[in-house]
S.K.: 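Handing you a structure now.
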Amino acid sequence: DRRMNSWKQYTELSRIAYFSMEIGLTTEIPTYSGGLGVLAGDTIKSAADLKLPMVAVTLISRKGYFRQTFDAQGWQQESSVDWRPEDLLELLPGKALITIENRDVKVQAWLYRVKSPTGGELPVLFLDTDIPGNLAEDRKITDHLYGGDKSYRLKQEIVLGIGGARLLQILGFRVRKYHLNEGHASLLTLELLNHHRLSVEDTWDERASWDTRRVQDKCVFTTHTPVEAGHDRFPYELVERIMGEVIPTDLLQELGGKDELNMTMLALNLSHFVNGVAKKHGEVSQALFPGFEIHAITNGIHPFTWGSPYMMTLFDKYLPGWANEPELLVRVDIIPDAEIQDAHAGAKAYLFQYIEEVAGVKFDPELLTIGFARRATAYKRANMIFSDPTLLKKIGNGKLQLVFAGKAHPQDDHGKKMIQEIRNQTEFFGDDLKIVYLPNYNIDVASRLIPGVDIWLNNPQRPLEASGTSGMKAALNGVPNFSVLDGWWIEGHIEGVTGWSIGPPPTETSTNVNHSDEDVKDLYRKLEKTIIPLYYDDRKAWTKVMKNAIGKNAYYFNKHVMMRRYVTEAYLR
Ligand SMILES: *Cc1c(COP(=O)(O)O)cnc(C)c1O
């Protein structure tokens with residue numbers, strides 16, 4: 001039938017299969033939790049813009065990550081996100097069988113077509129086990145993104161890696177490279193090992209029949225986690241109980257780690273190209289995994305997704321073609337200052353309207369507004385600006401407004417406490433320094449929040465921010481960064497020109513050093529002595545920094561630049 005033919009067209013070209021546990025394309029498809037998923041979504045959109053032959057594979061996450069609300073005490077409450085895949089996606093024919101706890105489990109895929117204004121188009125497959133005939137508990141495997149315990153996670157990774165690889169084959173996709181976005185899909189390497197197995201008679205010995213070289217040639221691995229503890233790992237008893245013996249145990253231990261199955265190790269051993277997501281993160285990862293060659297390809301954002309309508313109209317007027325060739329933003333200086341200021345004022349008013357609707361607080365468009373939004377997890381230190389509330393009050397009374405957002409993982413009480421602490425600051429600061437914590441941070445909230453503030457604050461504990469991407473979204477909208485020198489900002493920062501740094505230069509390669517005290521002092525000092533005076537007393541110089549954020553940061557830190565590097569440095573090798 002017609003429909004079937006229309007998806008079959010995707011199988012005509014051999015493709016790069018991009019595997020990611022989470023993908024964030026739009027708010028309506030809630031199959032992402034934060035930066036990793038949004039990055040994956042932006043990657044796919046840019047690949048479509050550039051007409052790259054790609055197919056993306058992820059999980060359907062029928063209950064989403066979660067919807068965030070707050071109780072009267074400011075404590076985060078979670079509820080399932082209800083969405084109906086059948087309203088947005090097409091169910092594809094064909095089911096893969098995988099083995100979990102000795103049972104057959106069927107896996108099916110839903111199709112979403114990413115279409116670019118350039119005419120490029122590519123398929124995203126959402127894997128799903130909620131199929132009649134599967135055991136009730138197996139039908140829930142693809143419900144909750146990052147939910148459940150270790151065994152639930154392992155089952156999801158089997159669906160993603162092994163189920164995904166098998167479904168691509170059943171549907172007729174020809175894959176020239178597999179790109180593993182983080183270690184969650186590493187099990188696909190085992191499927192490939194089985195697939196490429198040589199006959200024992202030809203190779204003489206059993207070990208040599210497992211042709212790791214052929215699998216390596218097919219795989220590209222991007223690591224995102226700069227700490228050892230952050231990498232997914234599973235005890236071998238659990239692996240054996242849930243997966244059985246997919247490849248001989250001694251071979252699995254050789255490739256995936258002696259004591260536990262480490263998904264990062266497995267991917268490192270079976271990929272010919274491995275990269276971190278910023279230069280510094282490449283170095284940190286290299287120190288974590290000596291013996292492997294780790295490259296660095298700095299992340300980027302999809303400009304058309306993250307430009308506010310106000311700024312995009314302006315770019316269209318002065319720099320036509322910028323969305324598919326963001327390098328054109330280097331000429332931002334041809335745009336008159338007043339028009340940049342107007343566009344920003346538009347985005348600011350649009351955000352403030354939202355703040356009033358959601359939080360019932362009226363922000364003043366004249367005041368310097370600081371934004372901070374990202375996953376609420378300890379190392380991101382969302383509450384750092386409140387380290388000395390009395391000093392902040394002294395510096396900021398009548399001059400500052402603060403807007404926050406971000407979800408804590410349901411099991412992360414520390415993250416929830418951090419949010420609660422921020423939400424409970426409002427009383428101490430009163431009306432002279434308004435503070436709002438917006439609920440339910442997601443792609444929609446981000447695209448309204450980030451362009452509408454005047455400065456984007458980021459103060460993670462170094463070197464834990466592998467890259468960070470929200471600061472790039474800010475820069476694109478003429479919102480300068482005020483950030484600790486970590487991740488991409490080490491590459492984008494020119495002091496007082498593109499924005500401002502917080503704390504000392506980035507010399508460490510481990511997490512043993514904690515610069516909190518220095519960071520806090522520097523944050524207050526720069527706010528008081530540099531940023532607040534510049535904003536209020538020299539609007540021309542301020543606008544110059546806004547333009548530099550666009551012309552010196554956004555022109556480079558975008559997905560188009562990044563994708564071209566993946567193609568030339570990873571996919572074509
Ligand atoms: C961009 C984005 C992030 C990533 O934020 P970082 O500051 O880079 O960690 C997280 N969540 C959402 C919804 C985003 O759009």
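The structure presented is a predicted model; accordingly, all values stated were derived computationally and were not measured. Numbering of ligands and ligand atoms starts at 1, following listing order.
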S.K.: How close does the nearest protein non-hydrogen atom get to atom 10 (C) of ligand 1, and which residue and atom is it?
M.R.: G35 N, 3.4 Å
S.K.: Determine whether more than 12 heavy atoms belonging to other residues, nucleotides or ligands lie under 6.0 Å from atom NZ of K526.
M.R.: yes
S.K.: Would you call the rings of H179 and Y571 parallel, tilted or perpendicular, taking 30° and 60° as the class edges?
M.R.: perpendicular
S.K.: Could you tell me how the ring of Y152 sits relative to the ring of H144: parallel (under 30°), tilted (30 to 60°) or perpendicular (over 60°)?
M.R.: tilted
S.K.: Under 4.0 angstrom from ligand 1, any heavy atom of K380?
M.R.: yes
S.K.: In terms of atom number and element, which parts of ligand 1 are under 4.0 angstrom from non-hydrogen atoms of N442?
M.R.: 13 (C)
S.K.: Using a plain distance cutoff, I'd like to know if T469 has any nitrogen or oxygen under 3.5 Å from a nitrogen or oxygen of ligand 1.
M.R.: yes
S.K.: Looking only at distances, can you tell me whether any N or O atom of S470, backbone or side chain, sits closer than 3.5 Å to an N or O atom of ligand 1?
M.R.: yes
S.K.: Nearest protein heavy atom to atom 12 (C) of ligand 1, by residue and atom, and its distance?
M.R.: Y441 CE2, 3.6 Å
S.K.: Just say parallel, tilted or perpendicular for the rings of F70 and Y437, cut-offs at 30° and 60°.
M.R.: perpendicular
S.K.: Determine whether the aromatic ring centres of F404 and F386 lie less than 6.0 Å apart.
M.R.: yes
S.K.: Which of the numbered atoms in ligand 1 are under 4.0 angstrom from any heavy atom belonging to W306?
M.R.: 15 (O)
S.K.: Quick test: of every protein heavy atom, which one is nearest to atom 1 (C) of ligand 1, and how far off is it to 0.1 Å?
M.R.: K473 NZ, 1.4 Å
S.K.: Under 4.0 Å from any heavy atom of G468, which atoms of ligand 1 are there?
M.R.: 8 (O)
S.K.: Decide, yes or no, whether a salt bridge links K279 with E283 under the criterion of side-chain N to carboxylate O below 4.0 Å.
M.R.: no
S.K.: So if I count the atoms of ligand 1 from 1 in the order they appear, which ones are less than 4.0 Å from some heavy atom of G34?
M.R.: 10 (C), 11 (N)
S.K.: I need the atoms of ligand 1 closer than 4.0 Å to a non-hydrogen atom of A446, numbered in the order shown.
M.R.: 15 (O)
S.K.: Can you classify the ring geometry of F19 versus Y178 as parallel (below 30°), tilted (30 to 60°) or perpendicular (above 60°)?
M.R.: tilted
S.K.: Only heavy atoms of R374, strictly under 4.0 Å: list the atoms of ligand 1 that pass.
M.R.: 7 (O), 9 (O)
S.K.: A side-chain contact here means heavy atoms from C-beta on lying under 4.5 Å apart; do V497 and V545 qualify?
M.R.: no
